[in-house]
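All values below were derived from every heavy atom in this structure, side-chain atoms included, with hydrogens, water molecules and symmetry-related copies excluded.
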Amino acid sequence: MLVLAQVLAGLAALVHVYIFVLESFAWNTPRGRATFATTPEQAASSADLAYNQGFYNLFLAVMSATGIVLLAVGVTGPGAALVYAGAGSMVLAALVLVTRNRAMARAAAVQGVAPLLAVVALTVALVG
């Protein structure tokens with residue numbers, strides 16, 4: 001179950017690295033605007049905020065990835081804490097997204113399902 005938790009947390013981290021790239025570097029591109037359903041004007045006026053938010057996503061991914069590595073080498077306590085903090089924050093961010101705008105349910109699911117499953121699998125692995 002621990003390996004499953006690591007795989008799911010890794011998948012969540014990869015999704016958040018992709019979101020980082022979209023928000024921080026592709027925000028004003030046709031792909032970035034299509035992903036986030038913004039007009040060129042909206043994208044231009046919110047680019048600084050998106051750039052900053054993208055880095056938040058990167059930091060969550062790095063936190064989770066560090067936890068995965070620590071778990072893999074047997075440093076269970078700190079590794080689990082980092083996975084819980086990174087993946088748990090991803091889950092909470094997905095909840096915030098969908099509670100603000102129900103039309104973002106698909107995006108929230110993409111952002112939140114893998115980390116939620118990682119948290120559940122990690123908990124089962126540690127308790128079991």
Side-chain angles (χ1 to χ4, degrees):
M1 195 60 70
L2 187 58
V3 171
L4 178 61
Q6 291 170 284
V7 169
L8 290 165
L11 177 61
L14 289 174
V15 167
H16 280 73
V17 168
Y18 178 66
I19 295 169
F20 156 71
V21 171
L22 284 173
E23 290 177 339
S24 295
F25 300 108
W27 188 255
N28 287 307
T29 67
R31 176 70 184 142
R33 288 192 312 272
T35 300
F36 297 101
T38 59
T39 65
E41 296 77 21
Q42 290 169 325
S45 70
S46 60
D48 291 340
L49 294 172
Y51 183 77
N52 186 48
Q53 184 171 310
F55 276 89
Y56 277 86
N57 283 296
L58 177 64
F59 301 150
L60 294 176
V62 168
M63 187 183 322
S64 297
T66 303
I68 293 165
V69 169
L70 290 175
L71 286 170
V73 298
V75 184
T76 305
L82 287 171
V83 170
Y84 277 131
S89 293
M90 292 173 190
V91 171
L92 294 173
L95 288 172
V96 168
L97 181 62
V98 77
T99 57
R100 175 70 178 167
N101 182 350
R102 299 254 187 236
M104 300 300 288
R106 183 180 181 280
V110 168
Q111 177 180 332
V113 169
L116 174 62
L117 295 174
V119 166
V120 170
L122 181 57
T123 301
V124 170
L126 295 176
V127 173

Take Met90 and Ser64 through the side-chain contact (heavy atoms from CB on, under 4.5 Å) test and state the conclusion after the steps. CA-CA 10 Å; Met90 292 173 190; Ser64 297; 3.5 Å; yes
The test is side-chain contact (heavy atoms from CB on, under 4.5 Å); show your working for Leu8 and Leu122 and say whether it passes. CA-CA 10 Å; Leu8 290 165; Leu122 181 57; over 6 Å; no
Taking it one step at a time, do Leu95 and Leu92 satisfy side-chain contact (heavy atoms from CB on, under 4.5 Å)? CA-CA 5 Å; Leu95 288 172; Leu92 294 173; 4.3 Å; yes
Between Val110 and Tyr18, is the side-chain contact (heavy atoms from CB on, under 4.5 Å) condition met? List the steps. CA-CA 11 Å; Val110 168; Tyr18 178 66; over 6 Å; no
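In terms of heavy atoms, Ala61 sits closest to Ala13 at CB-O, 3.4 Å. Heavy-atom minimum distance, Gln111 versus Ala94: NE2-N, 3.4 Å. Across every non-hydrogen atom of Val119 and Ala87, the tightest pair is CG2-CB, 3.9 Å. Across all non-hydrogen atoms, the minimal contact from Leu71 to Gly79 is CG-C, 3.8 Å. The two atoms that bring Gly10 and Ile68 nearest to each other are N-CD1, 3.3 Å, heavy atoms only. Of all heavy-atom pairs between Ala108 and Leu97, the closest is N-CD2, 3.8 Å.
Around CZ of Phe36, the count of heavy atoms belonging to other residues, nucleotides or ligands within 6.0 Å exceeds 12. The environment of Asp48 atom CG is sparse: at most 12 non-hydrogen atoms of other residues, nucleotides or ligands sit within 6.0 angstrom.
Side-chain N/O atoms of Thr38 and Trp27 include no donor and acceptor closer than 3.5 Å.
One N or O on the side chain of Thr29 and one on the backbone of Gly32 form a donor-acceptor pair closer than 3.5 Å. Listed for the Ser45 side chain is a donor-acceptor partner under 3.5 Å among the backbone atoms of Gln42.
Under a hydrophobic clustering in which Ile, Leu, Val, Met, Phe, Trp and Tyr are joined whenever their side-chain heavy atoms come within less than 4.5 Å, directly or via other members, Tyr56 and Val96 fall into different clusters. In the hydrophobic cluster analysis, where Ile, Leu, Val, Met, Phe, Trp and Tyr join through side-chain heavy atoms closer than 4.5 angstrom, Val17 is grouped together with Tyr51.
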